[in-house]
Amino acid sequence: MTVARALLGATVRVGDRAVRLVETEAYVAGDPASHTFRGPTRRNRSMFGAPGTLYVYRIHQVVCANLVTRSGEAVLLRAGEPLGLLAVNPSGPGRLCAVLGLTIGDDGTDVTRDGRIRLYGRLRRPARIAVGPRVGIRRAVDRPLRFAEAGNRWVSRPRPSA
DNA sequence: GAAAAGATTACCT
DNA sequence: GGTAATCTTTTCC
């Protein structure tokens, strides 16, 4: 979850589209809410890959992207601030992936080697980081593993206050 | 092979 | 604030 905080303010670029991350969630080993909780499966195999591997999964009719930090642990990219002149709304995991053009086909991509998908350092440091419970899950709901840039308009609702 | 659950989103009350 | 849409993966018989 150290990485989840460090990613706030970082830039993610996919092809010619880029966003500045303003909201993330950490999923760690032994976390009942994590897809890795019950061991490796066909879907989450990339989440056990090397750090920097992209874990993309489909839920309902939407896809969400994670960045693997350690084997079995990953950071969910929840929202970003559009860079450039994008008339889009990357506020929310599904929307963010749609904006970046990420698909299930990008699952398992190594961000440190792939040229299309890349991570950049922070443009500017978040003024204040808000921490709160994660959203949308049914297990371990109370764990404060959600991180967002305080006051940023692109943070998805409900906005963490602490 | 069939049923249930899910890290979502949008729309209705 | 609550529920439906919608569909893939997982899990159980």
Side-chain angles (χ1 to χ4, degrees), chain A residues 1-12 14 17 19-82 86-111 117 119 126 129-150 152-162:
Chain A
M1 74 182 181
T2 303
V3 179
R5 270 193 296 257
L7 280 174
L8 291 178
T11 299
V12 178
V14 179
R17 312 186 214 189
V19 299
R20 174 176 170 274
L21 294 178
V22 298
E23 184 183 353
T24 62
E25 278 182 7
Y27 287 88
V28 299
D31 182 354
S34 173
H35 286 174
T36 61
F37 182 61
R38 301 188 181 184
T41 63
R42 179 180 175 181
R43 180 174 78 198
N44 66 21
R45 65 196 179 322
S46 57
M47 200 161 159
F48 289 91
T53 300
L54 212 55
Y55 167 45
V56 183
Y57 70 95
R58 184 190 286 275
I59 186 170
H60 295 72
Q61 67 270 34
V62 172
V63 295
C64 300
N66 304 249
L67 189 63
V68 177
T69 59
R70 291 202 297 270
S71 182
E73 303 189 349
V75 174
L76 169 66
L77 279 32
R78 285 196 60 87
E81 170 185 333
L86 300 176
V88 293
N89 179 17
S91 182
R95 291 170 171 272
L96 178 63
C97 289
V99 168
L100 290 177
L102 290 173
T103 68
I104 199 70
D106 296 309
D107 183 44
T109 300
D110 185 344
V111 176
I117 305 173
L119 272 175
I129 295 178
V131 181
R134 291 173 294 186
V135 182
I137 55 176
R138 295 190 178 182
R139 299 174 178 279
V141 179
D142 294 331
R143 292 201 186 184
L145 294 176
R146 180 180 183 216
F147 306 96
E149 181 180 13
N152 191 288
R153 63 166 291 204
W154 295 106
V155 175
S156 64
R157 297 178 310 179
R159 299 185 176 179
S161 55

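Quantities reported herein were computed from a predicted structural model and do not represent experimental measurements. Quick note on labels: first sequence line is chain A, next is B, and so on, each numbered from 1.
- Taking a pair as Watson-Crick or G-U with both hydrogen-bonding distances under 3.5 Å, the stems of three or more pairs touching DNA chain C are B:1-6 with C:7-12, B:8-12 with C:1-5.
- Atom-to-atom, CZ of A:Arg95 to P of B:dT9 comes out at 7 Å; the value is rounded to the nearest Å.
- With contacts defined as side-chain heavy-atom distances shorter than 4.5 Å, the pair A:Tyr55/A:Asn44 qualifies.
- For the residue pair A:Ser46/A:Asp107, the side-chain donor-acceptor check at 3.5 Å is satisfied.
- Per the stacking criterion (ring centres < 5.5 Å, plane angle < 30°), A:Tyr57 does not stack onto the base of B:dA7.
- Here the side chains of A:Arg143 and A:Ile137 are not in contact, with every heavy-atom distance at 4.5 Å or above.
- To the nearest whole angstrom, the two P atoms, one in C:dT6 and one in B:dA2, are 22 Å apart.
- Judged by distance alone, with hydrogens and angles left aside, the side-chain atoms of A:Glu25 form a donor-acceptor pair with the main-chain N or O of A:Val135 at under 3.5 Å.
- Separating the CZ atom of A:Arg134 from the C1' atom of B:dT8 is a distance of 16 Å, rounded to the nearest angstrom.
- B:dT9 atom P lies 14 Å from atom CD1 of A:Ile137, rounded to whole Å.
- Residue-level contact check: A:Arg138 touches the backbone only, with heavy atoms under 4.0 Å from sugar-phosphate atoms and none from bases.
- If you take CZ on A:Arg78 and SG on A:Cys97, they are separated by 11.0 Å, rounding to the nearest 0.5 Å.
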Tabulate atom names and distances for all N/O pairs under 3.5 angstrom spanning the protein and nucleotides 8-13 of chain C.
residue, atom, partner, partner atom, Å
C:dT10, OP1, A:Thr41, OG1, 2.5
C:dT10, OP1, A:Arg42, N, 3.4
C:dT10, OP1, A:Arg43, N, 2.9

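- Put simply, CZ on A:Arg139 is 10 Å from P on B:dA5, counting in whole angstrom units.
- In this structure, A:Val56 and A:Thr103 have side chains that are not in contact, with every pair of non-hydrogen atoms separated by 4.5 Å or more.
- Between A:Asn152 and A:Pro126, every side-chain heavy-atom pair lies at or beyond the 4.5 Å cut-off.
- Interatomic distance, OH of A:Tyr27 versus OG1 of A:Thr36, reported as 11.0 Å (0.5 Å rounding).
- Taking the side chain as every heavy atom from C-beta outward, A:Arg134 and A:Asp31 approach each other to under 4.5 Å.
- Taking only side-chain atoms of A:His35, from C-beta outward, the nucleotide of C:dC7, B:dA7, B:dG6 with the closest atom is B:dA7.
- Taking atom CD of A:Gln61 as the reference point, atom P of B:dC11 lies 12 Å away to the nearest angstrom.
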